[in-house]
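See below for the structure under consideration.
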Amino acid sequence: MVSHRKSAKPAFDPRTVKENIVETPLNEEMSKSFLEYAYSVIYARALPDARDGLKPVQRRIIYQMGQMNLNPDRPYMKSARVVGEVMGKLHPHGDSAIYEAMVRLAQPFAMRLPLVDGHGNFGSLDDGPAASRYTEARMAQAALGMNANIAEATVDFTPNYDNKLQEPTVLPAAIPNLLVNGGSGIAVGMATNMATHNLGEVVAAAKYLMHHPDATLEELMRYVPGPDWPSGGVIVGRKGIREAYETGRGALTTRSVTHIENVTARKKAIVVTELPFMVGPERVLERISEGVKNRKLEGISGAIDLTDRHNGTRLVIEIKTGFDPNAVLAQLFKHTPLQENFTINNVALVNGRPHTMGLKEMLQVWVNHRRVVIRRRSEFRKKKALERLHLVEGLLLAMVDIDEVIQVIRSSEDAEAAKTKLIKVFDLDEIQAQAILDMRLKALQGLDREKLEGEYKELEERIAYFEKLLSDEGLQEEAPPAPEPEEESEKEEYPLDMTYDDAVLAAIRQLNDDIDDEMMSQKIDRIGEITGKIFAYQKQNPNRAGQLRSFLSYYLPTTLKILRAYGQLEDQEVSGENIAAAMERIEGMMDKVVDGFEKQLDLL
């Protein structure tokens, strides 16, 4: 049988391609490639932006979690899902790098104010976290401040890696995150290592700087006396702190918090209750064991880690009879991580370039950023108010004869013809006419002239306020934002200069002050006491922090609602069976809440 196969096409011959070789000196090519690589590492990986204190991967995690609506009042979502969203939409790198960054944002021993609320094993000072398929996460309260008003054109956006989506170049950052949470990173030819600080102290210093632009370092250090480590510890001396705050570089020494206890009538022990930043109990015990074997440490008969859920960090170092505990403690500070040095190197990106900054410079960058955010937010809200005012003007013109408007629409052949007639008959523009056409017939018939005139007047007042705000820099710094309509309002759940824990305890104390009944007051005191213990336990045991937050997210709002209702009944100057019965029911509910808190305390 004859085969009718077609002859194959001739294979491609690379020898037929015309060569075009560009010769480049090796030193020029190496220099160019290295500079491009160095810039990429510095700008897009290792150094935080001085405005929001976040590296690109951290910013993308917080922004994407906001886009996924993972607010603190919403259920947790699998960490692997969050990592996948960030990797697929914004950060085209390995999932492990994204997960590690998210884990750090959730660790209370690494962050002074965690931005991610983790549920599950997010690691400890001595152990790593569980895999992303086992853990869950959502935004912490502080992350809401980082994303605040981002939908109101407050920051610039740029295309993502494949030009299909947009991502922010910086977050609005209502929290001075760079100083509060610090950070570390190694770039090419430079590195950064920043200490954590207390939120209230930093905000107080920023407020002072806003009103006193020529403030000296000594004046600012009255508000920010030094770093505030998440794990506690005592900073020895102030020379290193002042040097770091003045030049951006410095070294300071942190010691553990210790005291001496009597183990028996003749035996004493050194008890450690707070450790330096990022030092775990196991690491301390290992170094003590090595020191005893190498005979660098003398007078120690044993060391045991008694850290538990009730007492937090507790290392007990037993002293041999006849040795001075203070002398042994001096040896421990010298040869173990009970005393650690922390080198501060405040390097961050300002206008895309790395800068080494002192305390005043870091505060000034954040204050300037917030001024820009507030100005842009005010311009956005003014623009929206003007657009709405324009539409309300059109509706008021149409209200002169609403029946004729409806007749014009019904008698028109199509929407375009109706729009043309409305513009001609009622002297409207295209935007106003389109807005009327987009309304349902029922809504048109139900228009209330008095309500529209009230809205028109309110919009005029808002526009006047924004115009005054935008023209007066002093007003921008001291005036609160104009009130938003109810559906758009964003109420802060706690003051900026307080942590969430502090704000909750302050709210409970405030409600207790407003209630006169002694029995109810004692119950509130007990709830406040247990809540404080739970917050303290969360910091010492991050593995169970998610479970405790779930408990508090249900019980705390319930408690506050009950107390407010009770306070309102107390304020009424009338008496009767109904009010007495209502107060008795509320007291019964309060008893159940107290029982719930007591049971949770027993589980710790």
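Just so you know, these numbers use all the heavy atoms, side chains as well, and skip hydrogens, waters and symmetry mates.
For R376 and D156, the salt-bridge test passes: some basic side-chain N is under 4.0 Å from an acidic carboxylate O.
For Q107 (side chain) and F122 (main-chain N/O), a donor-acceptor pair under 3.5 Å exists by modelled atom type. Put simply, the side chain of H197 gets close to the backbone of A195: a donor and an acceptor are under 3.5 Å apart. Put simply, the side chain of N181 gets close to the backbone of R112: a donor and an acceptor are under 3.5 Å apart. Distance alone, capped at 3.5 Å, is enough to place a donor-acceptor pair between the H369 side chain and the L171 backbone. The backbone N or O of L470 lies less than 3.5 Å from no partner atom in the side chain of S378, so there is not a single donor-acceptor pair. At distances below 3.5 Å, not a single donor-acceptor pair connects side-chain atoms of T247 with backbone N or O atoms of A244. W366 places a side-chain N or O within 3.5 Å of a backbone atom of A173 that can act as its donor or acceptor partner. Distance alone, capped at 3.5 Å, is enough to place a donor-acceptor pair between the T154 side chain and the N149 backbone. In terms of modelled atom types and a separation under 3.5 Å, the side chain of R138 and the main chain of N71 share no donor-acceptor contact. Here the side chain of T313 pairs no donor or acceptor atom with the backbone of T307 at under 3.5 angstrom.
When the shell of 6.0 Å around CD1 of I186 is examined, it contains 12 or fewer heavy atoms from other residues, nucleotides or ligands.
For F157, the side-chain contact (heavy atoms from CB on, under 4.5 Å) partners at least two apart in sequence or on another chain are Y63, I150, V155, Q166, P168. The side-chain contact (heavy atoms from CB on, under 4.5 Å) test applied to L125 returns F109, M278, not counting sequence neighbours. F333 pairs by the ring-ring contact (aromatic ring centres under 6.0 Å, His included) definition with nothing, not counting sequence neighbours. By the ring-ring contact (aromatic ring centres under 6.0 Å, His included) test, H212 pairs with Y208, sequence neighbours left out. With sequence neighbours excluded, the residues forming a ring-ring contact (aromatic ring centres under 6.0 Å, His included) with H93 are H91, listed by chain and number. Among residues two or more places apart in sequence or in another chain, the side-chain contact (heavy atoms from CB on, under 4.5 Å) test is passed with P92 by Y161.
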Distance-only check: which donor-acceptor pairs under 3.5 Å involve side-chain atoms of residues 96-105, not counting sequence neighbours?
unit_1: Y99; atom_1: OH; unit_2: A130; atom_2: O; d: 2.8
unit_1: Y99; atom_1: OH; unit_2: T135; atom_2: OG1; d: 2.9

Donor-acceptor pairs under 3.5 Å, side chain of residues 339-352 to any protein atom, not counting sequence neighbours: which ones?
unit_1: Q339; atom_1: OE1; unit_2: R255; atom_2: NE; d: 2.4
unit_1: Q339; atom_1: OE1; unit_2: R255; atom_2: NH2; d: 3.4
unit_1: E340; atom_1: OE1; unit_2: R283; atom_2: NH2; d: 3.1
unit_1: N341; atom_1: OD1; unit_2: T253; atom_2: OG1; d: 2.8
unit_1: N345; atom_1: OD1; unit_2: R249; atom_2: NH1; d: 3.0
unit_1: N345; atom_1: ND2; unit_2: A191; atom_2: O; d: 2.7
unit_1: N346; atom_1: ND2; unit_2: M357; atom_2: O; d: 3.4

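Note on residues 167-183: pairs passing salt bridge (Lys or Arg N to Asp or Glu O under 4.0 Å), not counting sequence neighbours, are R60-E167. For residues 353-369, no pair satisfies salt bridge (Lys or Arg N to Asp or Glu O under 4.0 Å), with sequence neighbours left out. Every pair tested for salt bridge (Lys or Arg N to Asp or Glu O under 4.0 Å) that includes a residue from residues 175-196 fails, sequence neighbours excluded, so the list is empty. Counting only residues at least two apart or in different chains, salt bridge (Lys or Arg N to Asp or Glu O under 4.0 Å) contacts with residues 40-55 comprise D49-R51, D52-R59.
For the salt bridge (Lys or Arg N to Asp or Glu O under 4.0 Å) with E152, the lone residue among K382, R377, R381 that qualifies is R381.
Taking NZ of K239 as the start and CG of L252 as the end, the distance is 13.0 Å to the nearest 0.5 Å.
Side-chain contact between L54 and L115 is present, with heavy atoms from C-beta onward closer than 4.5 Å. P230 places a side-chain heavy atom less than 4.5 Å from the side chain of T196. By the 4.5 Å heavy-atom criterion applied to side chains, L363 and P176 are not counted as neighbours. Taking 4.5 Å as the limit, every side-chain heavy atom of V284 sits out of range of all side-chain heavy atoms of L332.
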